[in-house]
Amino acid sequence: MKSLNDTVKLNNGIAMPGFGLGVWKVKDGEEVIHSVLSALRAGYKMIDTAAIYRNEGGVGEALRRSGVHRDDVFITTKVWNADQGYESTLAAFETSTKKLGIETVDLYLIHWPKAGKYKETWKAMEKLYKDGRVRAIGVCNFHKHHLEDLLQDAEIKPAVDQIELHPLLTQVPLRNYCYKQAIAIEAYSPLGSGGLINHPTLNEIGKKYGKTSAQVMLRWDVENEIITIPRSTQEAHIISNADIFDFALSPEDIDKIDALNADQRFGADPDHFDF
Ligand SMILES: NC(=O)c1ccc[n+]([C@@H]2O[C@H](COP(=O)([O-])OP(=O)(O)OC[C@H]3O[C@@H](n4cnc5c(N)ncnc54)[C@H](OP(=O)(O)O)[C@@H]3O)[C@@H](O)[C@H]2O)c1
């Protein structure tokens, strides 16, 4: 990736922007509208929302207000756990598209690997894909064993696995597995949900390049060919987070960041979640 306009080719040939805005915890209405409009003005080409974020309405409103052509922005949303199952996923998809005010979703994801349900959900995702309602389908929070299980019955391979990934959770084994399977990795909580902004090593590396710790983390994603979706509600942060295409981390600094891995999560472990 050399700029915000660059894309990653998914396993079905669809071009997905490698960098986007996440909107978890961003309030529906003016707050999310402001975040999305700021991102689109700054040149972002992708927005990551979910039914459970309860802000798809505001995301859709911002898309309309922005005047950006629908084809120039990539929209991801997700089916929530309570809606998993065949018919309920199809219904949840209709609700999401109505709220977003769009006909077609660029990427539709299963939010969590709900035991006993995700295979049925996947069948509905495959139908939406075959019907042309979604341009790509994928999963979130799937460990290798969840993917292996899904792939036993899947007709269509997931295009993306969106997982928690940042310098304290580098996910190397899962990245290697997905690389072999041609499943693109997308990093969520790329800034550790904000918890890594004051990390001393990342700040120290940033100083060398005149960059912030956030820019170092996001540049590290880009250099590792990991799709990334930092969240912010502040226009200044939204702009600066994307200002990462004018420097390159040295191999030594990449090694230093890789070495921070502690398999530490800020969110739930997909093997132990109860929602
Ligand atoms: N699939 C899943 O299960 C899942 C789970 C979690 C997240 N996600 C997705 O991934 C996205 C990103 O993850 P995340 O929301 O957990 O958090 P994140 O992007 O890792 O971090 C966001 C936090 O960092 C702060 N921040 C951002 N840029 C900053 C900067 N330049 N300087 C200082 N602080 C900065 C933000 O505060 P300010 O607003 O003040 O800038 C916010 O508190 C989510 O929004 C969502 O779309 C998906």
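First listed ligand is number 1; within each ligand, the first listed atom is number 1.
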**Report entry** Phe245: ring-ring contact (aromatic ring centres under 6.0 Å, His included) partners, not counting sequence neighbours
**Finding:** none
Query - Single hit among Ile75, Ile33, Leu37 for side-chain contact (heavy atoms from CB on, under 4.5 Å) with Leu63 - result: Ile75
Query raised in the report: Polar-atom distance check: Gly194 versus ligand 1, any N or O pair below 3.5 Å?
Result: yes
Requested in this report: Look only at interatomic distance and state if Val23 has a nitrogen or oxygen under 3.5 Å from any nitrogen or oxygen of ligand 1.
Outcome: yes
Query raised in the report: Backbone or side chain, does any N or O of Ser232 fall under 3.5 Å from an N or O of ligand 1?
Result: yes
Requested in this report: Compute the minimum heavy-atom distance from Thr212 to ligand 1 and say whether it is under 4.0 Å.
Outcome: no
Requested in this report: Would you indicate whether the side-chain heavy atoms of Arg41 and Glu235 approach each other to under 4.5 Å?
Outcome: yes
Query raised in the report: Does ligand 1 have a heavy atom under 4.0 Å from the side chain of Arg231, from its backbone, from both, or from neither?
Result: both
Query raised in the report: Looking at Arg133, Arg135, Lys127, which one forms a salt bridge (Lys or Arg N to Asp or Glu O under 4.0 Å) with Asp131?
Result: Lys127
**Report entry** Within-4.5 Å side-chain heavy-atom neighbours: Ile229 and Glu186
**Finding:** yes
Query raised in the report: Counting only heavy atoms on the protein side, is anything nearer than 4.0 Å to atom 37 (O) of ligand 1?
Result: no
Query raised in the report: So, is Leu191 polar-close to ligand 1, with some N/O to N/O distance under 3.5 Å?
Result: yes
Query raised in the report: Which bit of Asn141 is near ligand 1, meaning a heavy atom under 4.0 Å away: side chain, backbone, both or neither?
Result: side chain
Query raised in the report: His111 heavy atoms, cut-off 4.0 Å: which ligand 1 atoms fall inside?
Result: 1 (N), 2 (C), 3 (O)
Query raised in the report: Quick one: which ligand 1 atoms are inside 4.0 Å of a heavy atom on Pro230?
Result: 19 (O)
Query - Proximity flag Pro190 to ligand 1, non-hydrogen atoms under 4.0 Å - result: yes
Requested in this report: Give the numbers and elements of all ligand 1 atoms closer than 4.0 Å to a heavy atom of Asp48.
Outcome: 9 (C), 46 (C), 47 (O)
Requested in this report: Select one of side chain, backbone, both or neither to describe which atoms of Phe266 lie under 4.0 Å from any atom of ligand 1, heavy atoms only.
Outcome: neither
